[in-house]
Amino acid sequence: MELVVRQLDYWVTTYRRTWKGSVVSSFVMPLLFLSAMGIGLGGYVDDSSGPRVLAGVSYLAFIAPGLLATTAMQTAVLESSFAVFGKFKWNKVYSSMTATPLRVVDVLNGNLLYVGFRLATTCAVFLLVLAAFGVAGSVVGALGALLSAVLVGLACTTPVFGYSAWIKTDSSFAVLFRLGLIPMFLFSGAFFPVEQMPDTVEWLAYLTPVWHGVELCRDFTLGTASWWPGVGHVAYLLVWVVVGWLWARKTFERRLVGASS
Amino acid sequence: MHATTVGEPLVRARGLTKTYGDFTAVRGIDVEVRPGEAFGFLGPNGAGKSSAMRMIGAVSPVSAGELRILGLDPASDGPAIRARLGVCPQEDSLDMEITVRENLTVYGRYFGLSRVECRERADELLDFVQLTDKAGDSVEDLSGGMKRRLTIARSLINRPELLLLDEPTTGLDPQARHLVWERLFRLKQQGVTLVLTTHYMDEAEQLCDRLVVMDNGVIVAEGSPLELIAAHSTREVTELRFGVGEHEAVASKVSDLAQRVEILPDRLLLYTDEGEAAAIAVHDRGLRPVAVLVRRSTLEDVFLRLTGRTLVD
Ligand SMILES: Nc1ncnc2c1ncn2[C@@H]1O[C@H](COP(=O)(O)OP(=O)(O)OP(=O)(O)O)[C@@H](O)[C@H]1O
Ligand SMILES: [Mg+2]
C-alpha cells in the first residue's frame, strides 16, 4: 500500500494540469444531455405512450440515472484507453516507474485509484446537476447512486486497462469503441427499457456491466431499490472489476517485464 | 549511502541468460562489477546489451544462470535492489505532460523520499546537469541532449550506489555527447559505480575502466581498453585507401608488411607496431594509395579482430 501512496504526487501533479477542464465538462455534459433528452425529447415521450412503458415515471427521471451510469462508463473508458496505452507506448511513464522500488502491481493499482477518484468526482458533480433538476432522489438514494456509478465505472475500467496493455497499436481502440462502448451506451437501458428490444438484444444487454449499473442507479434515484436484485447487480459488477483486474495485471506484467515465467 | 563491503562485487553474474520465446538474446555471460569502477558493455546493435542491463536493473526476470546485485537476488528482492539503483534507459522515458522539475520531484517520491528532500535534490541535480533555467519548461521543448541529461539527473535522485546507463549518448551531437561524458566523469570521481552500454568505441575508451565486448549474446573479450588493445591488436594501424574494388588485389601485395591485414569495402588496414615504416614500405613497392593514415589501434580494431565486423554500421 505504501508503494501505491508514493504515486500520489504524480497523480496530483497530472490532475492539476487538467482539473479545470474536467470539472467544467462534468457540469456541462449532464446539463446538455438532461436539457436535450430529458426535457426536449422527454416532453414528447411523456405526452405519448411513455408513462405506460416507463411505469409512470417522467422520461427525465427515467434517463437521469441512465445518463449517470453511462457517464461513469465514458469517464472510465476515457481514463483507461489512450491514457493508459500512451504510458506504455508514447512516453513510457510506466517503465520509468517500474525501474524504481514500485512493482508492476503497484503502478497498476495507483493508476486505478486515480481513475476511481476521477469517477467519484465526475459522478458527484453529475448528481449535483441531477439534484438541480429534481431527479437525484433522496439523499440516501443519491449516495447509493453515486456508489453504484463508481462501481459500474470501475467495472469498465479494469477490463479496458487490460485491453490497453494488450493491444499493439492504438487503432485497436476503434474496435473497442464501436463494438463495446457505443452499443453499451445505446442498448443498456439508459434511454429505454431493454424489454423493448428483441430477446437476443435484451439478453446481450443483461450481460453488459452497464445495464446492471443503470438498473442500480435508477433504483436508487427512484427510491425503488431492494436487496434483490440489488445485491445481484453489485455482485455481477464486482465480478467484472475483479476479472478485469486479474487480466490487467497479467497484461501489464507482460508488457513491462516481458513474458512472465 | 549504504555501506558495501570493500571489494565485494556490486554485480555478479554467472551464466546469465535471457531468452524471449525461443530466441536467446543473452547466452550465458559472466560479469563482475566492482565498487567504484566504470564498467562497460561494448557491442553492436542486437548484441544483447539492453537485455543484460534490464536484468541487472532488476526489471526483466533472469531466464537462466545466477545474478546477484548489491549482494541481493533480483527474483526475490527486486524493490530493495531498485531502491539503490539509478537507471537511465536506452529510450528516454520522461513524462511529457509535466515540467522538467516535476519529472524529478515526482520521481523521488517513488523512492520514498520526503517532499522537501525531493525538492532539494531536484534543484541540486538540475544544477548538476545544467538545466536550472529550464526547470519550469515542458519536457517536450528540450533538445535531445537536454532530455538525456534530465534522464541522467532523474536516475540520480535517490543517490544510487550503482548507476546503469544504456547508451547514454546515442543520437546526440558531438557537443552534447561531450557534456554528458563530462558529467558522468564527475560522478565517477565522486565514487559512483557506473555500468554503461555503448556501441561507440570512443565512449568506451573515455569512460570505462573495464569492459566486455559483446556480440550475439556472448562476451568475446574482457579487460581495460588498453589491455584489450594490447591483447587483440597491434600498437598502430596503417589505413590505405585505394580505388573501389582494388583493395582485394592490393592486399596480397602488402600482406608481408604487417602482422595482419583487414580488407574493408573502402580501405585496407595494416596491423603493425610500426605504422610509418609500413606506409613507407608500401610506397617503396610502387603502390600509390589515394589516402594514407597512420593511427593508434582502438577498440574498433579489437572488435573487428574478434568478430570480423565493424561496430557501427
Ligand atoms: N522484449 C523482447 N522480445 C523479443 N525479442 C527481444 C526483446 N528485446 C530484445 N529482443 C531481441 O534480443 C536481441 C538483443 O536485443 P537487445 O536490445 O538486448 O540488444 P542491444 O545490444 O541492446 O542492441 P541495441 O544496440 O540495438 O540497443 C535483439 O535481436 C532483439 O531483437
Ligand atoms: Mg540496447
Side-chain angles (χ1 to χ4, degrees), chain A residues 1-22 78-79 82-111 113-114 118 168 249-250 252-261, chain B residues 18-21 25 51 53-55 57-64 74-75 77-99 101-103 105-115 118-119 138-140 147 151 154-155 157-158 160 164 166:
Chain A
M1 195 60 208
E2 199 236 321
L3 291 174
V4 174
V5 174
R6 288 182 186 180
Q7 296 163 65
L8 183 69
D9 285 24
Y10 169 66
W11 290 108
V12 170
T13 309
T14 313
Y15 186 61
R16 271 212 302 253
R17 295 201 167 253
T18 54
W19 75 273
K20 281 184 197 132
S22 79
L78 177 76
E79 294 289 347
F82 291 101
V84 168
F85 182 79
K87 290 185 177 67
F88 285 112
K89 187 109 176 192
W90 297 325
N91 57 20
K92 303 202 183 294
V93 168
Y94 290 138
S95 61
S96 77
M97 289 174 149
T98 52
T100 73
L102 305 181
R103 297 162 304 169
V104 173
V105 66
D106 303 317
V107 170
L108 170 64
N109 289 340
N111 201 341
L113 272 181
Y114 172 74
R118 289 276 294 115
K168 298 277 173 288
R249 193 181 59 173
K250 202 174 171 141
F252 264 59
E253 288 277 353
R254 191 173 306 149
R255 195 89 184 221
L256 289 169
V257 305
S260 47
S261 42
Chain B
K18 183 73 202 183
T19 53
Y20 302 107
S51 300
M53 287 292 259
R54 281 197 303 269
M55 287 191 280
V59 168
S60 158
V62 170
S63 304
D77 298 312
I81 293 169
R82 294 195 299 270
R84 295 160 62 186
L85 299 185
V87 179
C88 179
Q90 182 167 349
E91 284 177 64
D92 286 321
S93 58
L94 298 164
D95 194 326
M96 303 291 171
E97 284 161 26
I98 58 181
T99 66
R101 187 163 179 271
E102 283 166 346
N103 261 280
T105 50
V106 153
Y107 208 73
R109 298 288 287 156
Y110 302 155
F111 291 90
L113 306 185
S114 72
R115 293 202 175 97
C118 285
R119 283 198 291 268
S138 153
V139 174
E140 255 159 325
K147 281 193 186 126
T151 305
R154 191 181 67 177
S155 70
I157 195 92
N158 59 326
L164 307 179
D166 198 352

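Below, read A as the first sequence line, B as the second, and so on, with proteins coming before strands; counting in each chain starts at 1. Side chains included, hydrogens not; waters and symmetry mates left out as well; all remaining heavy atoms used.
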What residue in A/L8, A/D9, A/V5, A/V104 has the most heavy-atom pairs under 4.5 Å with chain B?
A/D9

Highest number of heavy-atom pairs under 4.5 Å with chain B among A/V93, A/L3, A/L102 belongs to A/L102

Heavy-atom nearest pair, A/R6 first then B/F111, reads NH1-C, 3.6 Å

In short, A/T13 meets B/V106 closest at the heavy-atom pair OG1-CG2, 3.6 Å

Can you tell me if A/R17 uses its side chain to pair, donor with acceptor, with the backbone of B/I98 under 3.5 Å?
no

Side-chain (A/R103) to main-chain (B/P79) donor-acceptor, under 3.5 angstrom:
no

With a 4.5 Å cut-off on heavy-atom pairs, point out which of B/S93, B/S63, B/A83 contacts chain A the most.
B/S93

I need the residue from B/G112, B/A58, B/G78 with the largest number of non-hydrogen atom pairs under 4.5 Å to chain A.
B/G112

Quick check on [X] against chain A: is it the side chain, the backbone, both or neither that has a heavy atom closer than 4.5 Å?
| X | answer |
| --- | --- |
| B/E102 | side chain |
| B/T99 | both |
| B/R154 | side chain |
| B/V87 | side chain |

Residue part contacting chain B, namely of A/L256, when any heavy atom lies under 4.5 Å
backbone

Would you indicate whether A/W90, at its atom CH2, is surrounded by more than 12 heavy atoms from other residues, nucleotides or ligands within a distance under 6.0 Å?
yes

Student check: side-chain heavy atoms of A/S96 and B/D95 closer than 4.5 Å:
no

Side chains of A/Y10 and B/R109, heavy atoms from C-beta outward: is any pair under 4.5 Å?
no

Can you tell me how far apart CG (A/N91) and CD (B/E97) are? Round to the nearest 0.5 Å.
6.0 Å

